[in-house]
Protein chains: 2
Amino acid sequence: MTYRDALPALADPTRRKIFERLRHGAKPVGVIAKGLPVSRPAVSQHLKVLKEAGLVDDRAEGTRRVYYIDPNGLADIRRWLDQFWDEALEAFRAEAEKDQEKK
Amino acid sequence: MTYRDALPALADPTRRKIFERLRHGAKPVGVIAKGLPVSRPAVSQHLKVLKEAGLVDDRAEGTRRVYYIDPNGLADIRRWLDQFWDEALEAFRAEAEKDQEKK
DNA sequence: CATCTCTGTAAGTCATAACTTACCGTAAGT
DNA sequence: ACTTACGGTAAGTTATGACTTACAGAGATG
């Protein structure tokens, strides 16, 4: 439900592929799995992880389950990153100067 | 050197703690390790991973090694996330509508 | 209602990566 | 020079998580 789940979820290459496949719109599990180098159950397990991380959501459509990207998980990561951005950038410049002094 | 390394690097809780400790400025390894629930060599190993991911950089200072956050790794992740942001947000609204139709 | 399609779950296997202790090199202090 | 402080690396252990196959349930279709 936060960046603590979302970051590990997106750390796995296969899971990122799945996530990227949903980028242009919702897709059922079978379609997602097609072409991937892993079995369909593996895809189901990955989708579960992504869902628990708030990165995707799903909706029943007959016997199919359609998955789509949930922006909430992305927002969680973004907020966490932004927390570092300004401070880190300034500190980095300061360190760069110190490195130059060494010459 | 890209989000493919940076995301796994920040997926580990211990590594995130280390990274967060550098948020307010550069610190030597010993200081970083103090208070963490893992050994100092473990911290060294984590710092190596963070460095290879472009998330931190270091500088020799006498016998100490001072580490600080490198914004490049953060920027890589940011770019990757932004790639999804707009599209995902719009798609999410569309899906939310479909869910409402179901009622 | 029998069957076929689609998906999730259970159970087990295997690789990886997060740790540990032991050791080595290097720079500073006496 | 000797010792002490600091940190990286090697080697080995262990837990975890990414996969597999087998199975079960729920909805469409004849």
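All of these numbers come straight from a predicted model, not from anything done at the bench.
- Near DNA chain D, defined here as any heavy-atom distance below 4.0 Å, the residues from residues 26-34 of chain B are B:Pro28, B:Val29, B:Gly30, listed numerically.
- Between B:Tyr67 and the phosphate of D:dG8, there is a side-chain N or O to OP1/OP2 separation shorter than 4.0 Å.
- Distance CG (B:Leu47) to C1' (D:dT9): 14 Å, rounded to an integer number of Å.
- The ring pair (Phe, Tyr, Trp, His ring centres under 6.0 Å) test applied to A:Phe92 returns no partner, not counting sequence neighbours.
- When the shell of 6.0 Å around NZ of B:Lys17 is examined, it contains 12 or fewer heavy atoms from other residues, nucleotides or ligands.
- Listed by chain and residue number, B:Val38, B:Ser39 satisfy the side-chain contact (heavy atoms from CB on, under 4.5 Å) test with B:Ala42 (two or more places apart in sequence, or in another chain).
- Evaluation of the side-chain hydrogen bond (donor to acceptor under 3.5 Å, both in side chains) rule for A:Arg21 yields no partner, not counting sequence neighbours.
- Residues passing the salt bridge (Lys or Arg N to Asp or Glu O under 4.0 Å) test with A:Glu20, sequence neighbours excluded: none.
- Residues forming a side-chain hydrogen bond (donor to acceptor under 3.5 Å, both in side chains) with B:Asp70 (at least two apart in sequence, or on another chain): B:Asn72.
- A 4.0 Å heavy-atom criterion places the boundary nucleotides of DNA chain C facing chain B at C:dA18 to C:dA28, written 5' to 3'.
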For nucleotides 19-26 of chain D, give me every protein contact, N/O to N/O, under 3.5 Å, one pair per line with atom names.
| unit_1 | atom_1 | unit_2 | atom_2 | d |
| --- | --- | --- | --- | --- |
| D:dC19 | OP1 | A:Thr14 | OG1 | 3.1 |
| D:dC19 | OP2 | A:His46 | NE2 | 2.2 |
| D:dT20 | OP1 | A:Ser39 | N | 3.4 |
| D:dT20 | OP2 | A:Ser39 | N | 2.8 |
| D:dT20 | OP2 | A:Ser39 | OG | 2.5 |
| D:dT20 | O4 | A:Gln45 | NE2 | 3.0 |

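- For A:Lys51, the side-chain hydrogen bond (donor to acceptor under 3.5 Å, both in side chains) partners two or more places apart in sequence, or in a different chain, are A:Asp58.
- Among pairs with a residue in residues 78-91 of chain A, those fulfilling salt bridge (charged side-chain N to carboxylate O under 4.0 Å, His left out) read A:Asp76-A:Arg79, A:Arg78-B:Asp82, A:Asp82-B:Arg78, A:Glu87-B:Arg23, at least two apart in sequence or across chains.
- One atom, CZ of A:Arg16, and another, C1' of D:dA18, lie 14 Å apart when rounded to the nearest Å.
- For A:Phe19, the ring pair (Phe, Tyr, Trp, His ring centres under 6.0 Å) partners at least two apart in sequence or on another chain are B:Phe84.
- Listed by chain and residue number, nothing satisfies the side-chain hydrogen bond (donor to acceptor under 3.5 Å, both in side chains) test with A:Arg16 (two or more places apart in sequence, or in another chain).
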